[in-house]
Amino acid sequence: MSKRKVTTLAAPGGKAVGRLVELGGMIYSSGIGGVDPDTGRLSDDAASQAEMAFANMKRLLAQAKVGADELGLVSVSIADASHERSVTKGWEALFPDRGSRPAFKINEYELPPGESVQIQIIGVQGQKRKPIGVPGLSAERALGVRLGDVVFSSPIDGTDPSTGKRSDDRKTQIRQSFRNVETFVKQAGGAKADLIHVYLFIRGKDDQQDMLDVWLEEFPVDGDRPARKAIFDETVARDAKIIHLMCIAVIGKGKRRNLEAPGISKRHPAPMGCRIGDLVIASGVGGDDPSGKEKSKSADVRSALAFQNLRALLESAGGSLADVGSISITVNTYDDEAAILEQWKKVFPDPNDEPARHVMAFGGRGSYPVQFHVMAASEQK
């Protein structure tokens, strides 16, 4: 039986504007949009949507009795770079103290029709965040925060803290980004071995092999690597960067354990999932058929297989789907969302007992219609 506590901010007609899920000491949200929960209307103006999205986030936290101090990471998705100013205004209004803000990331990609802004949050119950900086890299703002045993970072790039510059050599800049992440985790009181997940936002496909080479330098032992998600993101190049990283670490909870779903082969040197303590994070669970028989690329078939693979992955960690707190679903097109949600309802039939969900046309590869990125809390046996 699940122990999820689900809080829903609803609009007229029962449609959820946002959901907050508390499970295993963690806090997760669905995508929180700019729909007015009193009228059910969505403004055509991006600035109004951003203002409403932050208001909805604040309202949802109050409804769930979750404090803003318990938030570790706030991710904001925007449909266009021109919306960033409105997001920054809402962000600074909600967290006016520069020295006490959660880790923060703005992602720019296509959102569902009519939507300009979506917000996702992750936090740790009953904890107050401590800002973490790195000498030479963070002056006016911290690079991330620690709440209890969990550490979250904002984007960390390959700037050399001794010079304040980034190398023009691709591998050198990528290596430095990993060195900076390691330094950040050490500043938080941990070590590289405490990393449970790393997001890699890469300038383009031409940089992938160099990234993989450096990844293997940093984590040479198969079976002892963080979970990972690599995203080709052309916005990285706007600041003359090759890559930036975001990480989650768990400190003082023992050695990380890599997880795999039986029958699913790895195309890249990363585990399908990673566990430290009670926290489990998946690299990305797709709809490959373990038997190799099913070749369909349709969203309904592949999402059903993805749930099958997720179940197997969690069972390898000693848990189940009842332990899932959050699922971010990457898609190639929002046209597939309805078919995926039909499979979702079969697995999570009770809307009052389901994980936080966020569907996004960001981070996919084109060769598959769906992939799950999962955070779960499974008590160690």
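Because the structure is a prediction, the values reported are computed rather than measured.
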Identify the residue among Arg170, Arg175, Lys171 that makes a salt bridge (charged side-chain N to carboxylate O under 4.0 Å, His left out) with Asp213.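 Result: among Arg170, Arg175, Lys171, Lys171 is the only option passing the salt bridge (charged side-chain N to carboxylate O under 4.0 Å, His left out) with Asp213.
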
Approximate separation, where rounding is to 0.5 Å, of Ile196 CD1 and Cys247 SG: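 Taking CD1 in Ile196 and SG in Cys247, the distance rounds to 11.5 Å.
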
Atom CG in Asp233, atom CD1 in Ile202: separation rounded to 0.5 Å?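 Going from CG on Asp233 over to CD1 on Ile202, the span is 10.0 Å.
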
Within a reach of under 6.0 Å around CD of Glu51, are more than 12 heavy atoms found that belong to other residues, nucleotides or ligands?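 No, because the 6.0 Å sphere around CD of Glu51 holds 12 heavy atoms or fewer from other groups.
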
Is there a path from Met52 to Val74 through hydrophobic residues (I, L, V, M, F, W, Y) whose side chains come within less than 4.5 Å of each other?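 Different clusters.
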
Show your reasoning for whether salt bridge (charged side-chain N to carboxylate O under 4.0 Å, His left out) applies to Asp224 and Arg256. CA-CA 7 Å; Asp224 184 25; Arg256 68 180 164 229; 2.8 Å; yes

Any idea how Tyr109 and Phe362 line up, ring-wise: parallel (<30°), tilted (30 to 60°), or perpendicular (>60°)?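 Answer is parallel, since the angle falls under 30°.
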
For [X], run the side-chain contact (heavy atoms from CB on, under 4.5 Å) check against [options] and tell me which one passes.
X      : options                        : result
Ile264 : Asp288, Val285, Leu313, Leu305 : Asp288
His244 : Leu200, Asp239, Val236, Asn180 : Val236
Met246 : Val181, Leu73, Leu143          : Leu73

Write down the atom of Ala103, the atom of Trp91, and the distance for their closest heavy-atom approach.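 Between these two residues, the closest heavy atoms are O-CH2, 4.3 Å.
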
Looking only at heavy atoms, what is the nearest atom pair of Leu137 and Thr159, with distance?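 Where Leu137 meets Thr159 most closely, the heavy atoms are CD2-O, 3.5 Å.
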
Is it true that a side-chain atom of Arg166 and a backbone atom of Asp160 form a donor plus acceptor pair closer than 3.5 Å?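 Looks like no, no N/O pair under 3.5 Å.
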
I'd like to know whether Lys192 forms a salt bridge (charged side-chain N to carboxylate O under 4.0 Å, His left out) with Glu218, so could you lay out the CA-CA distance, the side-chain angles of the two residues, the decisive distance to 0.1 Å, and finally the verdict. CA-CA 9 Å; Lys192 186 163 71 171; Glu218 295 293 321; 3.1 Å; yes

Are Phe201 and Phe232 close enough that their ring centers fall under 6.0 Å?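 That pair fails the under 6.0 Å test.
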
Cation-pi check, Lys89 onto Phe54 ring (under 6.0 Å, within 45° of axis):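 Not satisfied by the 6.0 Å and 45° rule.
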
Side-chain touch Arg19/Leu9, heavy atoms, less than 4.5 angstrom: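 A side-chain contact under 4.5 Å is absent here.
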
List the residues meeting salt bridge (Lys or Arg N to Asp or Glu O under 4.0 Å) with Glu342, not counting sequence neighbours, and say none if there are none.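 Testing Glu342 for salt bridge (Lys or Arg N to Asp or Glu O under 4.0 Å), a comparison that skips the adjacent residues, returns Lys345.
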
